[in-house]
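Notes follow once the structure below has been shown.
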Amino acid sequence: MKSLVVYSSQSGNTRKLAEAVYQSLPPGASLSSVDEAPDPGDYDFVALGFWLQAGQPDPKSQAYLKKLNGHARVFLFATHGANPDSEHARSAMTAAQAMADGATFAGSFDCYGEVNPKVLEKVRARPDAPAWIADADKAVGHPDSADIEHLKAALGQLLA
Ligand SMILES: Cc1cc2nc3c(=O)[nH]c(=O)nc-3n(C[C@H](O)[C@H](O)[C@H](O)COP(=O)(O)O)c2cc1C
C-alpha cells in the first residue's frame, strides 16, 4: 500500500497529528505539507489533516480535498477551537468529506487545537463573535498526548 500524509497547519497543531499518523503507517509512507504535496493519484491511501477556519476546512485543504475526488482511500483529521462534540466541528468534517466526493472515505478523527491567543482575543471582541469560541479555552494545550493516543487507536483499527 502506497500511503501519503498531507497536512495544512498554520500554528503547528495539525502538524502534530500528521506526524502521529505518519508514525502509525507502515514504513515507506510519505509526509508532506499541503504546500508541497504530490498528486494524490499516485497513492492508495491518503490521510489529509486540516484546521478549521470560519467553520470550514482551511482554504489550502479545501483545494487539496477537491483533488482527492475519485482517488484513494481517504482518512481525514482535523484540529479546531470548537468543542469536538459540537455541530460546528461535525458539519466541518461532513463538508470536508463532501469536497472529496468520489474518494473512498476510510474514517476521520478530530480534536481541539489551541487557538492563537491574539486571534482569540480579536474574535471575542467582534460584535458577531461566532459560537465556537465559547469552548476555545478548553483547547489550550491541545492536541495533547491523549489526543495523539486516540488518533493512533482510530488509525490502528482502520489499518488492522
Ligand atoms: C483565522 C482563524 C480562524 C479560525 N476559525 C475557526 C473556526 O471557524 N472554528 C474553529 O473551531 N476553530 C477556528 N480556529 C481555530 C483553529 O482551527 C485551531 O486553533 C487549529 O488547531 C489551528 O491549527 P494549526 O495549529 O494546525 O494551524 C481559527 C483559527 C484562526 C487562526
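Side chains included, hydrogens not; waters and symmetry mates left out as well; all remaining heavy atoms used. Heads up: numbering here begins at 1 and tracks the sequence. Start at 1 and go down the list; that is how both ligands and their atoms are numbered. Just so it is clear, the structure is predicted and the values come from calculations on it, not from any experiment.
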Item checked: Residues in side chain to side chain contact (heavy atoms under 4.5 Å, CB included) contact with Ser3, at least two apart in sequence or another chain ->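 In terms of side chain to side chain contact (heavy atoms under 4.5 Å, CB included), with neighbours along the sequence ignored, Ser3 is linked to Met1, Leu25, Ala29, Phe45.
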
Next item on the list: Would you please name every residue forming a ring pair (Phe, Tyr, Trp, His ring centres under 6.0 Å) with Tyr112, sequence neighbours left out?
Entry: His142

Notebook entry, point to check: Any donor-acceptor pair under 3.5 Å linking the side chain of Ser86 with the backbone of Ala82?
Noted result: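 It does not hold such a pair.
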
Next item on the list: State, to 0.1 Å, how close Ala139 and Gly113 come at their nearest heavy-atom pair, and which atoms those are.
Entry: CB-O, 3.6 Å

Check: Would you find more than 12 non-hydrogen atoms of other residues, nucleotides or ligands less than 6.0 Å from His150 atom NE2?
Finding: no

Notebook entry, point to check: Given a cutoff of under 4.5 Å between side-chain heavy atoms of I, L, V, M, F, W and Y, with clusters grown through shared members, what are the other residues clustered with Met93?
Noted result: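 Cluster partners of Met93: Leu4, Val6, Val34, Tyr43, Val46, Leu48, Phe50, Leu52, Tyr64, Leu65, Leu68, Val74, Leu76, Met99, Phe105.
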
Notebook entry, point to check: ligand 1: which residues have a non-hydrogen atom closer than 4.0 Å?
Noted result: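 Ligand 1 is contacted, at a heavy-atom distance under 4.0 Å, by Ser9, Gln10, Ser11, Gly12, Asn13, Thr14, Trp51, Leu52, Gln53, Ala54, Gly55, Thr79, His80, Gly81, Ala82, His88, Gly113, Glu114, Val115, Val119, Trp132.
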
